[in-house]
Amino acid sequence: MNVHLTVTKKTYYALGLLAAGCTLAAGIGAITGFSMALADNVAMLLTLLMLGFLASVKGTSKKDKQALVGCILLQLLALALPVALLQHLLMSLVWPCFAGWEKSADPRLAPQFRTLAAAEAVWFAARVLVQLGGAEVLGLFMNLCGVAAAAARGWLALTLYRRQRDES
């Protein structure tokens with residue numbers, strides 16, 4: 001029996017779908033009172049893998065590789081910084097930067113980009129208020145914003161996955 005696996009951009013977008021799913025699970029867990037730190041960490045790892053693999057696809061232009069590496073560096077810098085406000089800010093920029101890069105190649109992704117950017121911005125503001133500003137009363141709102149941002153990430157990743165599937 002001969003097994004032949006092919007790895008395409010569709011496979012890498014599936015990693016993005018899994019990352020969005022892990023973020024969604026972490027958000028739902030937070031709403032229900034369960035700590036889902038492992039799901040958050042897996043989501044970050046899957047996002048890094050997706051971005052790294054997309055940057056390594058044969059035929060990717062130098063400009064596109066730079067954009068993807070920039071997204072990777074944003075996430076790695078966020079993980080390395082000791083300042084919570086900067087961590088939240090940089091983590092809130094990773095997916096919108098990725099979506100902006102994809103939108104530059106396909107303007108039909110504008111609705112996903114706008115939705116994702118807005119969801120990430122509101123989630124960032126809620127995290128700052130709750131975690132740094134002491135407004136614990138907004139904790140449920142913050143977690144709902146996280147679920148909305150995860151859903152927007154999933155919508156983008158699913159759209160990219162379907163587009164790649166249809167082009168193949």
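The shortest distance between side-chain heavy atoms of Pro111 and Trp155 falls below 4.5 Å. Inter-residue side-chain proximity for Met44 and Leu79 is flagged as met; some heavy-atom pair is nearer than 4.5 Å.
Residue pairs meeting the side-chain hydrogen bond (donor to acceptor under 3.5 Å, both in side chains) criterion with at least one member in residues 81-90, sequence neighbours excluded, are His88-Gln131. Within the structure, every pair that satisfies the salt bridge (charged side-chain N to carboxylate O under 4.0 Å, His left out) test and touches residues 83-107, not counting sequence neighbours, is listed here: Glu102-Arg163, Asp106-Arg108, Asp106-Arg163. For residues 113-128, the pairs satisfying side-chain hydrogen bond (donor to acceptor under 3.5 Å, both in side chains) are Ser92-Arg127, Glu120-Arg153, with sequence neighbours left out.
Scanning both residues, Ala39 and Ala26, for their nearest heavy atoms gives CB-CB, 4.1 Å. Annotation for Ala99 and Leu156: closest pair CB-CD2, 3.6 Å, computed over non-hydrogen atoms. Considering all non-hydrogen atoms of both residues, Leu116 and Pro96 come closest at CD2-N, 4.0 Å. Between Trp95 and Gly16, the closest heavy-atom pair is CH2-O, 3.8 Å.
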Practice task
Under the side-chain contact (heavy atoms from CB on, under 4.5 Å) rule, what do Phe98 and Leu54 come out as? Steps first, then yes or no, please.
Solution key: CA-CA 11 Å; Phe98 169 66; Leu54 285 172; 3.7 Å; yes
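Cluster note: Met36 groups with no other residue, as no ILVMFWY side-chain heavy atom lies under 4.5 Å from it.
Residues Leu77 and Val128 share a single hydrophobic cluster, defined by chaining ILVMFWY side chains whose heavy atoms lie under 4.5 Å apart.
Remark: Leu158 pairs with Leu17, Arg162 by the side chain to side chain contact (heavy atoms under 4.5 Å, CB included) rule, at least two apart or across chains. Scored by the ring-ring contact (aromatic ring centres under 6.0 Å, His included) test, Phe53 finds Tyr12 as partners (sequence neighbours excluded).
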